[in-house]
Engineer: 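Take a look at the following structure, please.
Every chain is numbered from 1, with letters handed out A, B, ... down the list of sequences.
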Amino acid sequence: MVDDTAAGNSIQRNKRLLTRALAVCGAMFLFGFACVPLYRIACEHVFRNKIYNTADSAKGFRVDESRWVTVQFVGNVNSQLDWSFAPEQVTMRVHPGAVNDAWYDAANKAQTAIVGNAVPSIAPSQGSPYFNKIECFCFTEQVLKPGESRRMPVKFVVDPKLPKTIDTLTLSYTFYNNRPATKKLAEQTQATQPPNS
Amino acid sequence: MTTHATAHHDDHHDDKPHGFLHRWVYSTNHKDIGTLYLIFAFIMVCVGAAFSGVIRTELMKPGLQFVQPYFFNEMTTMHGLVMIFGAIMPSFVGLANWMIPMMIGAPDMALPRMNNWSFWILPFAFFLLLSTLFIPGGAPAGGWTMYPPLSIQGGDSVALMVFSIHLMGISSIMGAINIIATILNMRAPGMDLLKMPVFVWSWLITAFLLIAVMPVLAGAVTMLLTDRYFGTSFFNAAGGGDPVMYQHIFWFFGHPEVYIMILPAFGIISEIVPTFSRKPLFGYQAMVYALASIAFLSFIVWGHHMFTVGMPLGGELYFMYATMLIAIPTGVKVFNWVSTMWGGSMTFEAPMLWAIAFIVLFTIGGFSGVMLALVPADFQYQDTYFVVAHFHYVLVTGALFAIIGAIYYWWPKWTGRMYNETWAKVHFWWSAVFVNVLFFPQHFLGLAGMPRRIPDYNVAFADWNLVSTIGAYGMYLTPFMFFFILWHSKKHGAPAAARAWEGAHGLEWTVPSPAPFHTFSTPPVIHDEDLAHGDVSH
């Protein structure tokens, strides 16, 4: 009798432990997915490093005319995107605090309309928080019809608080094929246009 | 009362079930399942070694000799996945199955049917993974770390790889839960937590690591799967995701995983060294706390795998110092093993030789780990053969040597027969020489700048690569040696006593050799001299 109760207790305890351990596993599985928003929050608020394209408003900087910063422009196209893409100017010399305009040219070399997204990157990364894009083609999807080309603007201000050790910033864009949007676009065109008569 | 308990536990006969199906496929016996795990792990070691044979043969000379680069990449990826999830982890689970119930005086694992399930998932998981070698597009070739975007390009091996990792994860989680339940609920009266053998302690902590991080890996590979097939953009820059986030999630799993593969080895060494030094383990409690602090630290150092991704300077400094902190509890362990040997009447049977080799060579791997922890230096070492040398020192001369030592140590208990000591020593010295010929030159190659995972290299690296390949060919003989030594022992070995080693303490040595199919059906009465750590005041 005594032993049967003991064995029963042991089974109860094992079951309780199994439930709890499975709950821990479920929680850790969800934690993996919770990392997605946590990562964005950490990047944007803790490390002030924007990974999502959001517009910055001009912050009313005072122009620092005593200082020159060289901004270099780079444009790359991901191998999955059949576009040409290049900056119109290779470098610009700017005063921190002043609003500047730079231009990029893109052309669709493919036979179909493609939706592209540009992802910006600033080097050196220590300068990244001080480079403010007021307006940029990277904020939105860019749709180019077959053979279409486009001049695209970037309006930017270099924060006067840019560390003195940095005198050159490189703004580089990589254009990617936004496959889901391209696919949706192709489906819409097919739906609105009557089939070949 | 005692008779009642015996009848209750043994009403399904003390005999082993007959027939392959009933004995092995339906098995709920911890010893049989342990054996299955160990056999499975041995087969996987041979498969993984065959993959590394392709790698080392191609790298014997500069230029492309034998295989195409893509196949070379498949081999590096599959070698890593098979050795980690198929060889090292299952062999530790096999040892846990065999030894933990016998070490704590339990009749079996707490959840025997789940135990059966957690083993029998594994062959299917590896069938899925290995079948990718034969599908269009070939096996996964993006490295065992599966970094996107590279890992989700290529053929449909992505899906099979992800599903096989899900299965391995389920298997590990069930095994871990079983081990925790066994240790917490099934200990014999008198087996207090701080009287448990260190091997049991190391597995209790490892099992907690497993249930904490395997689900995170499952989540990460699920995101890879949906990115590839269902149009999500977790790691896709074009859709607003970030591939660096994968590395964070992966290494949040990956670093505890590294310790999952070494903590049970620490436990094994802490059993073998006192036996052959004929002294109790020095600093038992310190050893337990060191294990726990290594496990805790493993959760907060993942960033040291990704110093070169463009992390903020503050993050790099934090991860550097946190990582270097791990050297302290690890140093405590090495110090205590050496202190256990100090002044002991030592003998050098095969298990002890493997254990001493572990201490020396694992420490070398630990030192190169401290070098890799230094941010400024790591920028040079990242993705070179120095990293390859480092983790092979901790995983081959660390984890694998400990596993081989454990098999020699407990083999008499499992089979009731001694192995041939001379041949075991040949096996050891052969391995000890060739493993260093194999991996030590890879430090030089890495420091000179040879990148990992590349099938071709600058002619400047030719000489040491040839040396390394010679070492690899020497090592390929060792599974055969090991197999024949164990086979010969099983057939012709001398009978082993219940206490097979003169200095051995612990409950497993109080049952006959070979251990009967059912042990401790009634809880044992524990005497202090039965326990390796009976008196915690020492």
Side-chain angles (χ1 to χ4, degrees), chain A residues 1-4 6-7 9-22 24-36 38-40 42-43 46-49 51-53 78 80-81 115-119 121 123-126 128 141 174-183, chain B residues 1-2 4-6 8-9 109-111 114 149 153 169-170 173-174 176-178 180-182 184-186 207-208 210-223 231-242 244-246 248-250 252-253 310-315 522-523:
Chain A
M1 269 315 285
V2 179
D3 253 11
D4 273 350
N9 278 343
S10 161
I11 289 168
Q12 280 305 313
R13 281 198 319 222
N14 287 344
K15 276 191 179 157
R16 200 164 57 225
L17 198 143
L18 177 66
T19 328
R20 284 180 189 169
L22 287 176
V24 172
C25 289
M28 291 309 289
F29 184 73
L30 294 179
F31 172 75
F33 287 88
C35 286
V36 178
L38 286 176
Y39 179 74
R40 194 189 66 226
C43 287
V46 183
F47 301 112
R48 290 180 299 150
N49 202 346
I51 60 166
Y52 291 83
N53 302 328
N78 179 266
Q80 304 293 309
L81 180 64
V115 184
N117 275 73
V119 175
S121 160
S125 58
Q126 291 91 326
S128 182
E141 292 175 349
T174 306
F175 243 110
Y176 290 93
N177 189 340
N178 187 336
R179 284 185 183 284
T182 304
K183 207 172 143 196
Chain B
M1 195 183 86
T2 315
H4 182 94
T6 316
H8 178 79
H9 283 290
M109 298 295 279
L111 308 155
M114 198 167 85
Q153 295 168 5
I170 292 169
I173 288 167
M174 291 199 301
I177 293 175
N178 214 340
I180 295 174
T182 308
L184 293 186
N185 292 347
M186 308 277 286
F208 277 111
L210 275 169
I211 62 167
V213 299
M214 289 308 285
V216 178
L217 175 69
V221 294
T222 307
M223 290 184 224
T232 59
S233 295
F234 288 110
F235 310 126
N236 179 4
D242 188 346
V244 174
M245 185 177 71
Y246 174 84
H248 280 287
I249 301 174
F250 180 85
F252 182 83
F253 145 80
M311 199 186 284
L313 184 65
T522 46

Engineer: Could you check if a side-chain atom of A:N14 sits within less than 4.5 angstrom of a side-chain atom of B:M186, using non-hydrogen atoms only?
Structural biologist: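 SC-SC contact between A:N14 and B:M186 confirmed.
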Engineer: Heavy-atom distance under 4.5 Å to chain A: side chain of B:I211, backbone, both or neither?
Structural biologist: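 For B:I211, heavy atoms of backbone and side chain both lie under 4.5 Å from chain A.
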Engineer: Residues in side chain to side chain contact (heavy atoms under 4.5 Å, CB included) with A:R20, at least two apart?
Structural biologist: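 If we apply the side chain to side chain contact (heavy atoms under 4.5 Å, CB included) test to A:R20, skipping adjacent residues, the hits are A:R16.
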Engineer: Parallel, tilted or perpendicular, judged at 30° and 60°: which one describes the rings of A:Y39 and B:H248?
Structural biologist: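 Because their plane-to-plane angle lies in the 30° to 60° range, the rings of A:Y39 and B:H248 count as tilted.
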Engineer: Measure distances from B:F252 to the heavy atoms of chain A and classify the residue's part below 4.5 Å as side chain, backbone, both or neither.
Structural biologist: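 The side chain, not the backbone.
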Engineer: Hey, are the side chains of A:V24 and B:F208 touching, using non-hydrogen atoms and a 4.5 Å cut-off?
Structural biologist: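 They are not in contact (no side-chain heavy atoms under 4.5 Å apart), so the answer is no.
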Engineer: Quick one: CE on B:M214 to CE on A:M28, what's the gap to the nearest 0.5 Å?
Structural biologist: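 Result: 12.5 Å between the selected atoms.
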Engineer: Could you check A:V36 against B:F234 for side-chain contact (heavy atoms from CB on, under 4.5 Å), going step by step and ending with a plain yes or no?
Structural biologist: CA-CA 7 Å; A:V36 178; B:F234 288 110; 3.7 Å; yes
Engineer: With a 4.5 angstrom heavy-atom cut-off, which part of A:F31 approaches chain B: side chain, backbone, both or neither?
Structural biologist: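 For A:F31, the contact with chain B is made by the side chain alone.
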Engineer: So what's closer than 4.5 Å to chain A heavy atoms on B:V213: side chain, backbone, both or neither?
Structural biologist: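 Contact with chain A: none, neither part.
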Engineer: Given the options A:A21, A:G32, A:C25, which has more heavy-atom pairs under 4.5 Å with chain B than any of the others?
Structural biologist: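 Most pairs with chain B among the choices: A:C25.
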Engineer: Check each atom of B:M114 against the heavy atoms of chain A and say whether the ones under 4.5 Å are side chain, backbone, both or neither.
Structural biologist: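 The side chain, not the backbone.
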Engineer: For B:T222, which atoms come within 4.5 Å of any heavy atom of chain A: side chain, backbone, both, or neither?
Structural biologist: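 Contact with chain A involves the side chain of B:T222 alone.
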Engineer: Go through the atoms of B:I249 and report whether side chain, backbone, both or neither lie under 4.5 Å from a heavy atom of chain A.
Structural biologist: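 Just the side chain, heavy atoms under 4.5 Å.
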Engineer: Side-chain contact test, heavy atoms from C-beta onward, threshold under 4.5 Å: evaluate it for A:Q126 versus B:L313 and give yes or no.
Structural biologist: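 No; the side chains remain at least 4.5 Å from each other.
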Engineer: Pick out which of B:N178, B:N185, B:L111 makes a side-chain contact (heavy atoms from CB on, under 4.5 Å) with A:L17.
Structural biologist: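 Only one option passes, and that is B:N185.
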Engineer: Name the option with the most non-hydrogen atom pairs under 4.5 Å to chain A; the candidates are B:A176, B:A212, B:G169.
Structural biologist: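 The candidate making the most pairs under 4.5 Å is B:A212.
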Engineer: With a 4.5 angstrom heavy-atom cut-off, is it the side chain or the backbone of A:N177 that approaches chain B, or both, or neither?
Structural biologist: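 Only the backbone of A:N177 comes within 4.5 Å of chain B.
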Engineer: Measure distances from A:L81 to the heavy atoms of chain B and classify the residue's part below 4.5 Å as side chain, backbone, both or neither.
Structural biologist: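 The answer is neither part of A:L81.
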Engineer: If I measure from the heavy atoms of chain A, does B:L184 come under 4.5 Å with its side chain, its backbone, both, or neither?
Structural biologist: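 Only the side chain of B:L184 comes within 4.5 Å of chain A.
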Engineer: Do you know which of B:S233, B:A237, B:G231, B:A220 has the most heavy-atom pairs under 4.5 Å to chain A?
Structural biologist: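 Of B:S233, B:A237, B:G231, B:A220, B:A237 has the most heavy-atom pairs under 4.5 Å with chain A.
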Engineer: Among all residues two or more places apart in sequence or in another chain, which pass the ring pair (Phe, Tyr, Trp, His ring centres under 6.0 Å) test with A:Y176?
Structural biologist: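 Counting only residues at least two positions away or on another chain, A:Y176 forms no ring pair (Phe, Tyr, Trp, His ring centres under 6.0 Å).
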